[in-house]
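What you see is a predicted model, and the numbers here were worked out from it, not measured in a lab.
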2 protein chains.
Amino acid sequence: MSKPRGRPARGDGITREQILDAALLLLEEGGGQGVSMRALAAQLDVTPMSLYHHVSDHTALLRAISDRVYASVLDDDAAGEVPVVRIRSLLIRYHGAVSDFPQLTLAIFAQPAAFAGVTRDITDRLIALLEVLTKEAELWLDILIDHAHGNALAFQALRDHPRQAASMRTRYLQALDQLLARLA
Amino acid sequence: MSKPRGRPARGDGITREQILDAALLLLEEGGGQGVSMRALAAQLDVTPMSLYHHVSDHTALLRAISDRVYASVLDDDAAGEVPVVRIRSLLIRYHGAVSDFPQLTLAIFAQPAAFAGVTRDITDRLIALLEVLTKEAELWLDILIDHAHGNALAFQALRDHPRQAASMRTRYLQALDQLLARLA
DNA sequence: ACCTGAACACCGTTCAAGT
DNA sequence: ACCTGAACACCGTTCAAGT
């Protein structure tokens with residue numbers, strides 16, 4: 001029943017990659033109160049403590065997950081397009097990431113000190129694009145990012161109502177376009 | 001050392017009011033991961049289980065707290081003023097409540113199913129005011145509320161930097177005015 | 001009606017013991 | 001290097017026992 005105590009044979013044992021994969025899976029389905037070390041370990045058929053050999057901390061785990069999630073936001077930035085279009089596509093992908101994993105977003109904001117710099121690249125690119133269009137780039141950065149975050153929270157509130165959630169996506173797009181139209 | 005087992009003498013024992021007071025206190029200072037039943041009980045010099053005689057649940061406790069916090073938002077609505085001014089003052093008070101208790105806000109959003117209707121009165125009043133000013137009242141409700149929420153989250157991120165937090169308040173006001181100016 | 005103590009099922013994390 | 005088991009300090013919550 002119980003596993004041997006020592007180091008497992010080569011090829012057994014757990015990878016950091018496998019941990020992150022399982023964590024994302026738990027995050028998507030479980031929804032509950034987030035990924036716990038113990039539940040994650042059970043998912044991987046391993047004792048909780050073995051995770052600490054690959055991840056230093058629970059918040060380090062969350063940071064690793066969010067790094068992975070937000071990395072995809074920076075891909076495919078419609079590089080050839082006009083600034084407004086690039087801003088729009090960047091925000092839509094950011095909003096998508098944030099509202100696909102609302103529990104992760106909440107966890108990050110619950111202890112923000114540990115997550116400085118995770119979304120740094122995104123805001124850096126956004127502000128560079130905004131500076132082309134307006135003198136008050138920082139103000140509009142605040143508005144657009146805050147709006148994405150707040151909307152993602154409202155999203156979370158409709159988690160159990162998929163039909164309303166779908167219309168929420170289009171409402172975000174409407175609001176975003178309304179804001180962008182007033183930017184110039 | 002240990003208290004007697006039975007019902008305490010008249011005047012001893014705990015009130016629901018005292019529980020909420022202590023909970024708000026813990027919320028303000030502790031900041032940490034929110035108010036736990038056990039920490040709250042310790043604060044009141046009582047066993048955790050005695051709380052369940054006055055509050056049915058941990059989420060019921062949070063709901064009671066948030067009812068109290070948000071009730072003050074509806075006071076003093078500058079009733080004589082123009083709609084824009086009333087909207088502005090309402091949102092500023094709402095933003096204040098939300099960012100004074102970011103941990104509460106996060107807790108509420110973490111399990112939103114239990115909190116439908118808490119902020120209902122606020123959105124009702126807001127939308128009534130918005131309908132005077134624009135045909136797209138619901139769209140602007142989304143924008144303004146989401147903005148307040150998102151900004152409150154960003155606020156939380158600066159919890160340990162009071163100086164930056166102070167300038168954040170004025171930045172919220174700037175952004176709010178920018179949005180309201182584009183409403184008409 | 002209202003409190004206590006013991007108990008159950010969870011957390012994150014440390015530490016020593018194993019291979 | 002990497003896993004286990006036991007342990008510590010936390011959670012929320014239930015249930016029986018006390019007055």
Inset, instruction - State whether the number of non-hydrogen atoms from other residues, nucleotides or ligands found under 6.0 Å of A:Glu138 atom CD is greater than 12. - result: no
Inset, instruction - For the residue pair B:Ile127 and B:Thr123, establish whether any side-chain heavy-atom pair is separated by less than 4.5 Å. - result: no
Inset, instruction - Grab the CE-P distance between B:Met37 and C:dC10 for me, whole Å please. - result: 19 Å
Legend entry - Between P of C:dT4 and CZ of B:Arg38, the distance in whole Å: 13 Å
Inset, instruction - For DNA chain D, list all stems, counting runs of three or more consecutive pairs where every pair is Watson-Crick or G-U wobble with both distances under 3.5 Å. - result: C:4-8 with D:12-16, C:12-16 with D:4-8
Legend entry - Pairing of A:Arg93 and A:Asp100 as salt bridge, 4.0 angstrom limit: no
Legend entry - B:Ser36 side-chain proximity, nearest of C:dT13, D:dC3, D:dG12: D:dG12
Inset, instruction - Taking only heavy atoms on the protein side, list every residue of residues 39-53 of chain B lying under 4.0 Å from any atom of DNA chain D, sorted numerically. - result: B:Ala39, B:Met49, B:Tyr52
Inset, instruction - Answer yes or no: is there an ion pair linking A:Asp177 with A:Arg182, defined by an N-O contact shorter than 4.0 Å? - result: no
Legend entry - Between P of D:dT13 and NE2 of B:His58, the distance in whole Å: 7 Å
Using atom types as modelled, flag every donor-acceptor pair under 3.5 Å from a side chain in residues 35-49 of chain A to any protein atom, sequence neighbours excluded.
unit_1, atom_1, unit_2, atom_2, d
A:Ser36, OG, A:Ala39, N, 2.9

Inset, instruction - Report yes or no: do B:Glu136 and A:Gln178 form a side-chain donor-acceptor pair below 3.5 Å? - result: yes
Inset, instruction - Please check if the distance between the ring centroids of B:His149 and B:Tyr94 is under 6.0 Å. - result: yes
Legend entry - Spacing between B:Ile19 atom CD1 and D:dG12 atom P, to the nearest angstrom: 13 Å
Legend entry - Which atom of B:Arg171 lies closest to which atom of A:Asp142, heavy atoms considered: NH2-OD2, 2.8 Å
Inset, instruction - Starting at atom NE2 of B:His54, determine the distance to atom P of D:dT13, rounded to an integer number of angstrom. - result: 17 Å
